[in-house]
Trainee: 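Sharing a structure, written as structure tokens. Questions coming.
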Amino acid sequence: MTAHTPDEIERLVREFLAAEADGEPEPERDEDLFQSGRMDSLFAMRLVVWTESTFGLEVDMDELNLASFATVAKITDFVADKQGEAQSV
């Protein structure tokens, strides 16, 4: 697995969200994607699958907390933390 910097993670997350946004402006880093209507539970699951495949991660059921995917900043932190765990094993 290639470790990504937080800036790279954020850029990739933003690119994914932009590709799925149907022309909506890019979300702010701390914008709640659920409250803003940009994301529902089905889209959140697509985001989790994309995150796993893009970053070579496995999100365990006990880690599947939608709050971890509510903002670009939280997604970035989640991925960075998971990469750190994988490298320390």
Side-chain angles (χ1 to χ4, degrees):
M1 167 181 65
T2 301
H4 295 79
T5 67
D7 288 341
E8 291 171 329
I9 296 167
E10 184 171 332
R11 179 183 55 79
L12 291 168
V13 168
R14 287 180 176 279
E15 286 175 3
F16 173 78
L17 293 172
E20 300 290 323
D22 291 332
E24 290 184 36
E26 190 173 283
E28 296 295 322
R29 188 169 198 279
D30 293 315
E31 175 184 337
D32 188 306
L33 301 171
F34 291 103
Q35 287 183 350
S36 68
R38 292 177 183 266
M39 185 162 34
D40 59 18
S41 57
L42 181 58
F43 183 78
M45 292 309 301
R46 287 182 31 221
L47 177 60
V48 169
V49 170
W50 173 84
T51 301
E52 288 179 320
S53 66
T54 300
F55 299 105
L57 304 174
E58 186 173 318
V59 179
D60 297 325
M61 290 303 287
D62 60 328
E63 297 175 311
L64 197 53
N65 178 354
L66 294 183
S68 298
F69 292 86
T71 68
V72 171
K74 289 180 180 182
I75 297 165
T76 300
D77 291 344
F78 178 82
V79 171
D81 289 347
K82 288 290 287 180
Q83 286 184 1
E85 288 173 17
Q87 289 184 344
S88 66
V89 174

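All values below were derived from every heavy atom in this structure, side-chain atoms included, with hydrogens, water molecules and symmetry-related copies excluded.
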Trainee: Look only at the side chain of Glu8 and the backbone of Thr5, and say whether a donor-acceptor pair between them is shorter than 3.5 Å.
Mentor: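 Yes, the answer is positive, given that a donor and an acceptor are paired below the 3.5 Å cut-off.
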Trainee: Should the pair Glu58-Lys82 be classified as a salt bridge under the 4.0 Å nitrogen-to-oxygen rule?
Mentor: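 Result for this pair is no, no salt bridge flagged.
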Trainee: Mind checking the CG-CZ spacing from Asp22 to Arg38? Nearest 0.5 Å is all I need.
Mentor: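 Those atoms lie 11.5 Å apart.
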Trainee: In a check of side-chain contact (heavy atoms from CB on, under 4.5 Å) between Pro27 and each of Leu33, Asp32, Thr71, which one passes?
Mentor: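 Output: one option passes, namely Leu33.
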Trainee: How far apart are the C-alpha atoms of Asp60 and Leu64, what are their side-chain angles, what is the distance that settles it, and do they pass the side chain to side chain contact (heavy atoms under 4.5 Å, CB included) test?
Mentor: CA-CA 6 Å; Asp60 297 325; Leu64 197 53; over 6 Å; no
Trainee: Please answer whether the main-chain N or O of Thr51 pairs with a side-chain N or O of Thr54 as donor and acceptor at a distance below 3.5 Å.
Mentor: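 Side chain of Thr54 to backbone of Thr51: no pair is present.
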Trainee: Under 3.5 Å, side chain of Glu31 to main-chain N/O of Glu28, donor-acceptor pair present?
Mentor: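 Yes; judged by distance alone, with no hydrogens or angles, the pair exists.
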Trainee: Ignoring hydrogens, what is the shortest heavy-atom contact between Phe55 and His4? Give both atom names and the distance.
Mentor: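 Answer, listing the atom of Phe55 first, then His4: CD2-ND1, 3.6 Å.
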Trainee: Are Asp7 and Arg11 close enough that some pair of their side-chain heavy atoms sits under 4.5 Å apart?
Mentor: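 Asp7 does not reach Arg11 side chain to side chain.
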Trainee: For a quick test of reading the model, state the closest non-hydrogen atom pair linking Phe78 to Glu63 and the distance between them.
Mentor: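 It is CE1-O, 4.3 Å.
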Trainee: Check this for me: Asp62, atom CG, are more than 12 non-hydrogen atoms of other residues, nucleotides or ligands nearer than 6.0 Å?
Mentor: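 Atom CG in Asp62 is packed in, count exceeds 12.
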Trainee: Can you give me the closest heavy-atom contact between Phe34 and Ala44, atom names plus distance?
Mentor: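 The answer is CZ-CB, 3.9 Å.
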Trainee: Indicate the atoms forming the closest heavy-atom contact of Pro6 with Thr76, along with that distance.
Mentor: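 In this case the closest contact between Pro6 and Thr76 is O-CG2, 3.5 Å.
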Trainee: Where do Phe43 and Leu17 land on the side chain to side chain contact (heavy atoms under 4.5 Å, CB included) test, with the steps shown first?
Mentor: CA-CA 10 Å; Phe43 183 78; Leu17 293 172; 3.8 Å; yes
